[in-house]
Structure formats: C-alpha cells, structure tokens
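One structure is given here, and the rest of the page talks about it.
Atoms within a ligand are numbered from 1 in the order they appear, just like the ligands themselves.
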Amino acid sequence: MSKSKLQWGGRFAGGPDAIMQAINVSIGFDRKLWQQDINGSRAHAAMLGKCGIITPQDEAAITAGLEAIEQEIETGHFVFAEALEDIHTNIEARLIERIGEAGRRLHTGRSRNDQVATDFRLFVRDAIDGMAAQIKDLMRALADRAAEHAGTIMPGFTHLQTAQPITFGHHLLAYVEMLARDQGRLADCRVRLNECPLGAAALAGTSYPIDRAMTAATLGFDRPTANSLDSVSDRDFALEFLAALAILAMHLSRFAEEMIIWTSNIVGFVSLSDAFTTGSSIMPQKRNPDAAELTRAKTGRITGALVALLTVMKGLPMAYAKDMQEDKEPVFDAIAAASLSLAATTGMVRDMRANTQTMRQAAGLGFATATDLADYLVRALALPFRDAHHITGRIVALAEARGIDLAAIPLADMQAIEPRIKDEIFGCLSVEASVASRTSYGGTAPDNVAAQARKWLEELT
Ligand code: ARG
C-alpha cells in the first residue's frame, strides 16, 4: 500500500513501519462491523444530500457504490486489506476506487471517531436484540419444564444441606425470574445506548450545516447525542452491555453448576441424553456434562471482557484515543460466549429428564420436615416459634440417635418431650404435606408453582 492510499497520508513522507502497522491494524476483527458501517454511511450520505452539502448526483453515486460494496462483502468478493487499517477505511477506499471523486466527498462532516462510535453502538444494539430473543427461548424452556414439574418434590437446600422440601418446578422458575431481570438489564442498557454519535465529527462538531436528527432517525436512534466530546469518547454503552452479560453469565453458570451436581451419580436427580453429554476416552461408563461445564467456564471470558474494557477506559482523557480500538474484541468474544452458553443451556433444559423417584426420596432425608413440625407446635399449641424450634430440636435428636425418620417416631416418645403433641402431628411430617402447605405468595406449593408457570408461559408467547 503506497502512503498516498492511506486516507490520512497527506502530510506523511514515509509509510508506517511493519510493527507500527501490526499494532495499529484492526481490520482482522472490526470487519464484523461492515454492515453497520455501510448503513451509517448510507444515512450520512442521504443527510449530506438533503442538506445540500453534496450534490444529488454525488449522493446517488455514493448510495449505488455502497450498495455494490455491500454485495461484494455478502458474496465474499470484497478484499479486506490490512494496509487500510480498519473497516471504515477499507470501505471508503473501495468506494473511491469504484466511483471516484464522489466517493471522496462521503467523509464530509464526519470523522472515523464518530463513525466507529456509531457503528459500534449499532452493533451492540443488534447484539442486545439477539441476546434478548435467546434469553426468552431459555425462559420458555424453563417455564415449560416447570409447568410439567409443578408438583415434583425435591429437596431444597441451603448451604447445599437439605433444608425443606420444594418442587422441581419452583426451582426452575427461580431461574426464570433471574433471566427476566437479565432481560431488563439489557433493555435498560439499550435505552441509554440508543443515541446517535454521528456528526460529532472528530471531537468538536462540524461547521457544515448537517442535520444530526435526520441521521439519528434514519439509523433508528431516538435522538442525536448532545455533546460531541462525549459522543466520540465514551464506551459506557459497551460496558453496561458487558456488565449485563457478566451477570447473565453468572446466572447461567449457577444453573450449569446445579446440572453438574444433579447429573452426578451420587445425586442423580437429573439425566441428560447422548445429545448433551460426552463420553470418556478411557472410562466407558462415563457420561460427562461438558456443555454445563463449558457454560460454567465461559463466565470467565465474559467477566474478563468487562474487566478488560473497564481497564482500557479508566484512564483516558477526553476525547478519542486509539486505546478505544481495543473495545471490540472483548465485546465480540463475550457475545459469542454468552450466545453459545444460552443455546447450550436451553438445549439442556429441554433435554433433561427428571428422576422423580430419586428426588422424592432425597426430599425426605435429613429431617427435611423439621420446620413443619415446629410450625405445627406453633399452630396447635400456640407456642412461641423459638420454643417450638427447641422442642423440635430434641425430637430431631431422638430420630437421629435411632437412625429413623421424624415420621417413624412413636407418638408416645414425642409426648415424652412435649405431652400436648397429638396424633395429628403425623399429617404435617410428610414432604407432600410440607410443600402443599407453602401457599404464601412466592412459595413452593404445587398450585402456586403451576400458576406461576402458566403466567410465564402466557407472557412468553
Ligand atoms: N479503528 C478505529 C477504532 O476502532 C477507528 C477510529 C480511528 N480514529 C482515529 N482517530 N485514528 O477506534
């Protein structure tokens, strides 16, 4: 590439050193922005034409030229040149090559600084929309399975110790709630992102009579950004997006961790089919939950992307600095990782089989209905909860010493601890009675869970 071909080469006598070019070049990754770049240029050219800054003939030539370049890229005929640095200069150079003089007028009243800020916002906006659709798919899959398992009893844990019986549907709907908030975070981020930097030019605005509201509207933005320095120099929209993805990834990772625990032979609550497991090269009996493990692991990349971009941005003085070119790869990588994790999680949720017997059996272990016993003492004997808790503790100790369930303790032995306990106590000690009694709003009672699952399924259609 001769120096004269570089758009900024006018005052340069020599070309860049190979190392200079190597550190400067971004076409290898920012070519992903080609569609956004063409759309931005189209909108800019239309505005320049409308405002009489370029002639209608030039505008028409630019529009046709961009159309042709779009075709070239779509059909794989476009040559992306490293010597032309980035996607913006690659497309502009090709435009000039194709249409000559008119192409040299496109860059009037704009700069690569507002151009890249616009392209990247458009790209992140598309990514948000894609991610929102994928999250919705996963929520629907979870709500479907929750409806199916509204009455399937499993142990609920705190500290990963058996706590109280819950239903599997309730557990799955907990993730639907988390994902709904993830969607909300992305939607909030989209609202703040949706302002158009185009026309801020290099940093100070421009002396041409441009119409920024027009380009903003053409590109689907709510309004133009209000400060030219801010327009070209912040990447908080990308950071907010990465923060939302990092939280989403954390949620997916927690679910992945549960899948790994549930599918382990020592727990066995859930099985995954051949479609979502892999075998071992040496141990023929193995069925490994690799998709869950990789989903758990990809959280590292996504959180890493957030930290990387925060670190890039934190010391930059106003306005644009080339540091910001480093904004793209972390975002691209995080999008790929989050998108794949969402797809894999949705696949596993649809694929998994609940081993309801195993779950039911485990739900009764560990004196899981001890709280129900204490609640009975409060209700039937009007005891303060703290006293009921103490009496229940003594009964649990008795069961533990004998190696039996709470329900297997003879009434007389319970009465030796608290004489007013009646036979009706046994009605409270089954796991079925326990979950059925949790009817408070947001509780695990099967009717509640079925209603919540229905509510979500209606919302998600
Ligand atoms: N490739 C650059 C980036 O991604 C485009 C902006 C270049 N601007 C400049 N003044 N060198 O940030």
Side-chain angles (χ1 to χ4, degrees), residues 1 3-12 14-17 19-41 43-44 69 73 78 80-96 106-127 193 196-206 215 219 225 228-239 241-242 305 308-335:
M1 179 59 47
K3 67 182 166 56
S4 59
K5 273 274 192 84
L6 288 169
Q7 273 85 337
W8 43 260
R11 66 167 284 247
F12 283 71
D17 187 273
I19 295 298
M20 177 61 222
Q21 186 177 309
I23 196 168
N24 206 31
V25 67
S26 59
I27 189 64
F29 51 87
D30 69 13
R31 52 191 284 178
K32 262 190 175 6
L33 300 176
W34 70 268
Q35 185 70 67
Q36 288 77 12
D37 197 67
I38 288 179
N39 292 348
S41 289
H44 186 66
I69 292 170
I73 299 178
F78 188 92
F80 294 94
E82 293 233 319
L84 288 168
E85 273 187 47
D86 60 22
I87 188 62
H88 324 291
T89 40
N90 264 270
I91 289 177
E92 193 187 343
R94 179 68 183 135
L95 184 70
I96 294 167
L106 172 62
H107 214 52
T108 313
R110 78 171 187 190
S111 142
R112 268 192 297 162
N113 296 351
D114 57 338
Q115 196 180 347
V116 71
T118 305
D119 292 0
F120 202 34
R121 279 189 193 232
L122 289 171
F123 188 91
V124 172
R125 195 175 71 185
D126 288 345
L193 165 153
C196 185
L198 196 59
L203 76 164
T206 178
T215 37
L219 293 169
T225 49
S228 61
L229 293 177
D230 174 48
S231 310
V232 296
S233 68
D234 208 353
R235 294 292 182 268
D236 60 354
F237 63 90
L239 286 167
F241 172 61
L242 289 175
L309 187 54
L310 279 170
T311 312
V312 165
M313 295 303 297
K314 75 162 187 64
L316 300 186
M318 291 281 112
Y320 176 85
K322 198 59 173 270
D323 305 54
M324 286 179 211
Q325 180 164 285
E326 290 285 313
D327 59 358
K328 294 170 199 66
E329 285 170 292
V331 169
F332 295 156
D333 191 62
I335 292 170

Table of N or O contacts for ligand 1, cutoff 3.5 Å:
{"unit_1": "ligand 1", "atom_1": "1 (N)", "unit_2": "Asp86", "atom_2": "OD2", "d": "2.8"}
{"unit_1": "ligand 1", "atom_1": "1 (N)", "unit_2": "Gln325", "atom_2": "OE1", "d": "2.7"}
{"unit_1": "ligand 1", "atom_1": "4 (O)", "unit_2": "Lys328", "atom_2": "NZ", "d": "2.5"}
{"unit_1": "ligand 1", "atom_1": "8 (N)", "unit_2": "Asn113", "atom_2": "OD1", "d": "2.9"}
{"unit_1": "ligand 1", "atom_1": "10 (N)", "unit_2": "Asn113", "atom_2": "OD1", "d": "3.1"}
{"unit_1": "ligand 1", "atom_1": "12 (O)", "unit_2": "Tyr320", "atom_2": "OH", "d": "2.4"}

* For Arg31 and Ile87, which heavy atoms make the closest approach, and how far apart are they? -> CA-CD1, 3.9 Å
* **Ion pair Glu85/Arg112, N-O distance below 4.0 Å** => yes
* Please identify each residue that fulfils salt bridge (Lys or Arg N to Asp or Glu O under 4.0 Å) with Arg110, with sequence neighbours left out. => none
* Set of residues satisfying side chain to side chain contact (heavy atoms under 4.5 Å, CB included) with respect to Asp126, sequence neighbours excluded -> Gln36
* Which residues pass the side chain to side chain contact (heavy atoms under 4.5 Å, CB included) test with Gln35, sequence neighbours left out? -> Asn39, Arg42, Glu70, Glu74
* To do: Evaluate side chain to side chain contact (heavy atoms under 4.5 Å, CB included) for Lys328 paired with Leu33, printing each intermediate quantity in order.
  => CA-CA 10 Å; Lys328 294 170 199 66; Leu33 300 176; 3.8 Å; yes
